[in-house]
Colleague: 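Please see the structure below; I have some questions.
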Amino acid sequence: MNKTEIAAVLTDIATLLELKGENPFKTRAYQSGARLLEGMTEDEIARRVEAGTLEEVKGIGEALAQKITELHRTGRLEFHEKLKASVPAGLVDLLSIPGLGTKKIRALQDKLGADSIEKLKAACEAGQVAALEGFGDKSQEKILSGIRNREAYGRRHLWLEAQEAGAPILAGLRALAAVQQVESCGSLRRRMETVGDLDFLVATTEPSPVVEWFVSQPHVKEVTARGDLKASVRLESGLQADLRLVPPEQFVFTLHHLTGSKDHNVQMRQRALERGLSLSEWGLFPAEDKHGSTAEAKKAGATGPKSLAAKTEADLFRHLGLEFIPPELREGRGEVEAAEQRKLPELVTEADIRGVFHNHTTASDGHNTLEEMTAAAEALGMEYLGIADHSKSSFQARGLDEARLEQQIAEIKRLNESKKFKTWVFSGTECDILPDGRLDFSDAMLAQLDYVVVSVHSSFRQEREVMTQRIIKAIEHPHVTMLGHLTGRLLLEREGYDVEVDRIVDAAIANGVAIELNASPMRLDMDWRHWRKAAEKGLLTSINPDAHRTAQLDYYKTGVGAARKGWLTKEQVLTTRPLADMKKWLAARRK
DNA sequence: GCCGTTTTCGGCCCGACTGTTTTCAGTCG
């Protein structure tokens with residue numbers, strides 16, 4: 001078993017033990033064991049299993065070491081299997097209902113035999129839950145609504161959806177007189193491809209009008225919590241939005257804490273400790289001396305230790321000997337080390353982008369004409385726009401055959417010559433990669449184009465090796481400029497096809513082909529997790545909106561977010577080049 | 001289940017909020 005699988009088993013054990021009412025510190029030990037494994041390399045784990053030195057890792061003791069070893073060697077763990085068999089299968093599902101934790105679930109199971117969502121729902125409808133000690137009408141109603149809305153509440157949301165839902169809230173908060181500073185935090189700020197909920201942080205000395213505004217904005221369906229220092233609402237979309245209010249001097253620390261990620265925060269706290277400091281959402285304090293706990297220090301109130309001051313996050317990082325780490329990079333993937341060595345990349349910005357490739361028109365499955373798309377690109381200030389309608393095999397998308405493509409080439413030529421728009425238009429195609437790796441157009445046809453995007457749109461289920469070879473064959477074709485959506489994934493809907501990313505990246509570099517960063521918010525493909533390594537090897541990308549209507553040209557901004565998350569600099573993104581350079585680069589590709 | 005320059009036993013992160021309680025347990029992040 002690899003580390004991810006082993007960690008998953010440990011986490012599962014923790015959950016099952018909790019449901020059985022085990023000592024919470026025992027369950028925490030399994031959880032932290034899982035986290036520790038995630039933070040180690042496969043190599044290190046294998047080495048420690050082999051040498052029997054797992055116990056040297058702080059947080060892993062005799063019991064965990066034995067279990068990890070068994071899982072690593074055999075892929076099974078009898079302890080886990082017996083445990084699983086002893087807990088009703090439906091019980092774990094109950095944890096997904098808001099307001100239900102292990103204690104209440106146990107009570108419901110013990111007293112009502114409710115060990116599945118179905119049975120719990122029936123018990124609620126019969127009024128049995130409200131009658132239980134420790135429960136009441138409100139709890140019963142909350143459980144029922146939690147069950148009814150389970151799907152909507154549990155769902156993650158595309159980054160752009162979350163961003164659009166959050167923008168008016170952020171603007172509204174910013175406009176309040178009592179608000180000194182406000183930011184959204186969490187995965188939205190880190191620009192993760194999907195977002196679980198919205199987190200807003202406000203600096204204020206006068207929280208109550210802020211809370212009042214927050215819970216009474218439009219689109220709030222339900223207020224789930226409301227206090228002096230925090231509030232939570234459920235929006236009509238099913239998204240949950242949380243508000244935290246802190247005094248101004250604490251803002252930066254809470255902002256950093258709530259932005260995360262967890263892994264990043266763990267590393268930062270560790271680093272603080274190494275320097276005799278203690279970092280938390282409350283501040284950056286001198287670490288407590290051996291005789292006083294932080295709790296006692298807290299109780300001492302104003303006489304307790306004072307946090308170091310930080311006006312901005314840059315101050316916070318500076319206190320720890322680090323340069324500022326942009327939120328997008330805070331994933332615990334080497335950014336702290338890089339910040340220490342002053343080796344963080346200068347990330348590409350929206351302002352760097354000069355043009356957009358891979359866009360569709362009404363010729364295939366787009367909703368706007370060539371002229372409308374060009375006008376929209378001009379309005380965005382783009383120096384160039386690349387059209388790439390589908391090729392003939394994509395008949396579901398009204399793909400163009402040779403005759404229609406030649407027509408479009410002529411049309412684009414006329415448009416450029418007319419100088420009607422400041423934006424230059426490049427003729428291209430999104431050419432299907434056929435199941436055997438051949439392309440959907442002849443060499444002669446492809447040679448007439450300014451650029452060629454190649455994409456897989458069929459036979460998604462091919463074996464990993466077949467699919468990998470298929471794509472590499474296409475990349476090796478002399479007329480190909482860039483590879484479209486590497487895996488074809490649709491976030492929250494469909495897994496991508498199975499490919500060996502490293503080999504495709506190497507083939508692209510060897511053939512001078514770029515891999516697009518498809519900026520459609522439902523794709524963001526190739527995944528940001530691959531970009532750092534790929535770009536360090538020399539891969540170039542093009543941030544492509546894959547727009548099917550004028551408004552979607554704007555997707556390039558979402559793509560810039562993903563590119564930043566992938567540590568990409570301006571130099572590594574082709575579409576930051578001015579038109580003249582871009583023309584030169586494309587011409588050189590065609591020789 | 002893990003840990004220890006104060007401990008091999010007795011701690012383990014904690015603050016805010018809700019709901020059901022009448023002083024607090026459970027959940028959440």
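Numbered from 1 within each chain, the chains take letters A, B, ... in sequence-line order.
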Colleague: When you compare B:dT27 with B:dT20, how far apart are their C1' atoms, in angstrom units rounded to a whole number?
Modeller: 14 Å
Colleague: Roughly how far apart, to the nearest Å, are B:dT21 and B:dG10 at atom C1'?
Modeller: 31 Å
Colleague: Under 4.0 angstrom, heavy atoms only, what part of the nucleic acid is A:Leu100 near: base, sugar-phosphate, or nothing?
Modeller: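 The residue A:Leu100 makes sugar-phosphate contact but no base contact.
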Colleague: What integer number of Å spans the C1' atoms of B:dG15 and B:dG4?
Modeller: 28 Å
Colleague: Under a 3.5 Å cut-off for both distances, is B:dC12 Watson-Crick or wobble paired, and to whom?
Modeller: B:dG1
Colleague: If I pick the C1' atom on B:dT7 and the same atom on B:dC17, what distance separates them, to the nearest angstrom?
Modeller: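 Here B:dC17 and B:dT7 have their C1' atoms 36 Å from each other.
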Colleague: Identify which nucleotide among B:dT20, B:dG26, B:dG1 has an atom closest to any side-chain atom of A:Phe25, counting heavy atoms from C-beta outward.
Modeller: B:dG1
Colleague: Give a yes/no on whether any side-chain N or O of A:Arg269 is located under 4.0 angstrom from OP1 or OP2 of B:dC13.
Modeller: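 Checking A:Arg269 against B:dC13: no side-chain N or O falls below 4.0 Å of OP1 or OP2.
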Colleague: Calculate the interatomic distance between A:Leu16 atom CG and B:dG1 atom P; express it in whole Å.
Modeller: 14 Å
Colleague: In whole Å, measure the gap between the C1' atoms of B:dC12 and B:dT8 for me.
Modeller: 16 Å
Colleague: Calculate the interatomic distance between A:Leu77 atom CG and B:dG1 atom P; express it in whole Å.
Modeller: 11 Å
Colleague: Of all the choices, B:dT20, B:dT18, B:dG1, which nucleotide is nearest to the side chain of A:Ala225 once you look at every atom?
Modeller: B:dT18
Colleague: How is A:Val246 classified with respect to the nucleic acid when contacts are heavy atoms under 4.0 Å: base, sugar-phosphate, or nothing?
Modeller: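 A:Val246: no heavy atom of the nucleic acid under 4.0 Å.
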Colleague: Judged by atom type as modelled, is there a donor-acceptor pair below 3.5 Å linking the side chain of A:Arg174 to the main-chain atoms of A:Gln181?
Modeller: no
Colleague: What is the distance, to the nearest angstrom, from the CD1 atom on A:Ile60 to the P atom on B:dG1?
Modeller: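 After rounding, the gap between these two atoms is 14 Å.
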Colleague: With respect to the side chain of A:Thr102, which nucleotide from B:dT27, B:dG29, B:dC12 is positioned closest?
Modeller: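 For A:Thr102, the side-chain atoms sit closest to B:dT27.
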Colleague: To the nearest Å, how far apart are A:Arg35 CZ and B:dC13 C1'?
Modeller: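 About 12 Å, once rounded to whole Å.
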Colleague: Roughly how far, to the nearest 0.5 Å, is the CZ atom of A:Arg523 from the CD atom of A:Glu193?
Modeller: 14.5 Å
Colleague: State which of B:dC12, B:dG19, B:dG15 makes the closest approach to the side chain of A:Trp282.
Modeller: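 The answer is B:dG15, which lies nearest to the side chain.
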Colleague: A:Tyr30 vs A:Phe79 aromatic rings, parallel, tilted or perpendicular, using cut-offs 30° and 60°?
Modeller: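 Rings of A:Tyr30 and A:Phe79: parallel, as their planes differ by under 30°.
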Colleague: Are A:Glu346 and A:Arg564 close enough for a salt bridge, meaning some N to O gap below 4.0 Å?
Modeller: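 A salt bridge is absent here (no side-chain N lies under 4.0 Å from a carboxylate O).
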Colleague: Describe the nucleic acid contact of A:Glu22 in one word from base, sugar-phosphate, nothing, applying a heavy-atom distance below 4.0 Å.
Modeller: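 No contact at all - A:Glu22 keeps every heavy atom at 4.0 Å or more from the nucleic acid.
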Colleague: Is there, by distance only and without an angle test, a donor paired with an acceptor across the side chain of A:Asp242 and the base of B:dG29 below 3.5 Å?
Modeller: no
Colleague: Taking side chain as C-beta onward, heavy atoms only, is A:Val182 less than 4.5 Å from A:Leu170?
Modeller: yes
Colleague: To the nearest Å, give me how far apart CD1 (A:Ile13) and C1' (B:dG1) are.
Modeller: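 Rounded to whole Å, this separation is 11 Å.
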Colleague: So, are A:Glu212 and A:Arg226 salt-bridged, with charged N and O less than 4.0 Å apart?
Modeller: yes
Colleague: What is the distance, to the nearest angstrom, from the NZ atom on A:Lys142 to the P atom on B:dG19?
Modeller: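 Nearest whole value for this atom pair: 6 Å.
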Colleague: When you get a sec, tell me which of B:dG1, B:dT27, B:dT18 is the closest nucleotide to the side chain of A:Lys104?
Modeller: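 Of the options given, the side chain of A:Lys104 lies nearest B:dT27.
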Colleague: Report yes if at least one side-chain N or O of A:Ser232 is closer than 4.0 Å to OP1 or OP2 of B:dC17; otherwise report no.
Modeller: no
Colleague: How is A:Pro24 classified with respect to the nucleic acid when contacts are heavy atoms under 4.0 Å: base, sugar-phosphate, or nothing?
Modeller: nothing
Colleague: So, using ring-ring contact (aromatic ring centres under 6.0 Å, His included) as the criterion, who are the partners of A:Phe317 when residues are at least two apart?
Modeller: A:His256, A:Phe324
Colleague: Could you pick out which residue, A:Glu281 or A:Leu64, lies toward the 5' side of DNA chain B when each is mapped onto its nearest nucleotide?
Modeller: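 Counting from the 5' end, the first nearest nucleotide belongs to A:Leu64.
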Colleague: Considering only atom P, compute the distance from B:dT22 to B:dG11 and round it to an integer number of Å.
Modeller: 29 Å
Colleague: How would you label the contact of A:Ser32 with the nucleic acid (heavy atoms, under 4.0 Å): base, sugar-phosphate, or nothing?
Modeller: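 Contact class for A:Ser32: none.
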Colleague: Take A:Lys58 and A:Leu229, find for each the nucleotide of DNA chain B with the closest heavy atom, and name the residue whose nucleotide sits nearer the 5' end.
Modeller: A:Lys58
Colleague: Rounding to a whole Å, what distance do you find between A:Glu133:CD and B:dG26:C1'?
Modeller: 14 Å
Colleague: Work out how far the P atom of B:dC9 is from that of B:dT23, and round it to whole angstrom.
Modeller: 37 Å
Colleague: Under 4.0 Å: is that the gap between some side-chain N or O of A:Lys230 and OP1 or OP2 of B:dA16?
Modeller: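 Negative; the distance criterion is not met.
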Colleague: For a quick check of understanding: with a heavy-atom distance under 4.0 Å over all strands, which category does A:Asn23 fall into, base, sugar-phosphate or nothing?
Modeller: base
Colleague: Tell me which one of A:Lys565, A:Lys262, A:Arg191, A:Arg532 satisfies salt bridge (Lys or Arg N to Asp or Glu O under 4.0 Å) with A:Glu331.
Modeller: A:Lys565
Colleague: By nearest atom, which of the nucleotides B:dG1, B:dC12, B:dG15 is closest to the A:Lys67 side chain?
Modeller: B:dG1
Colleague: Atom CZ of A:Arg234 to atom C1' of B:dC28: distance rounded to whole Å?
Modeller: 13 Å
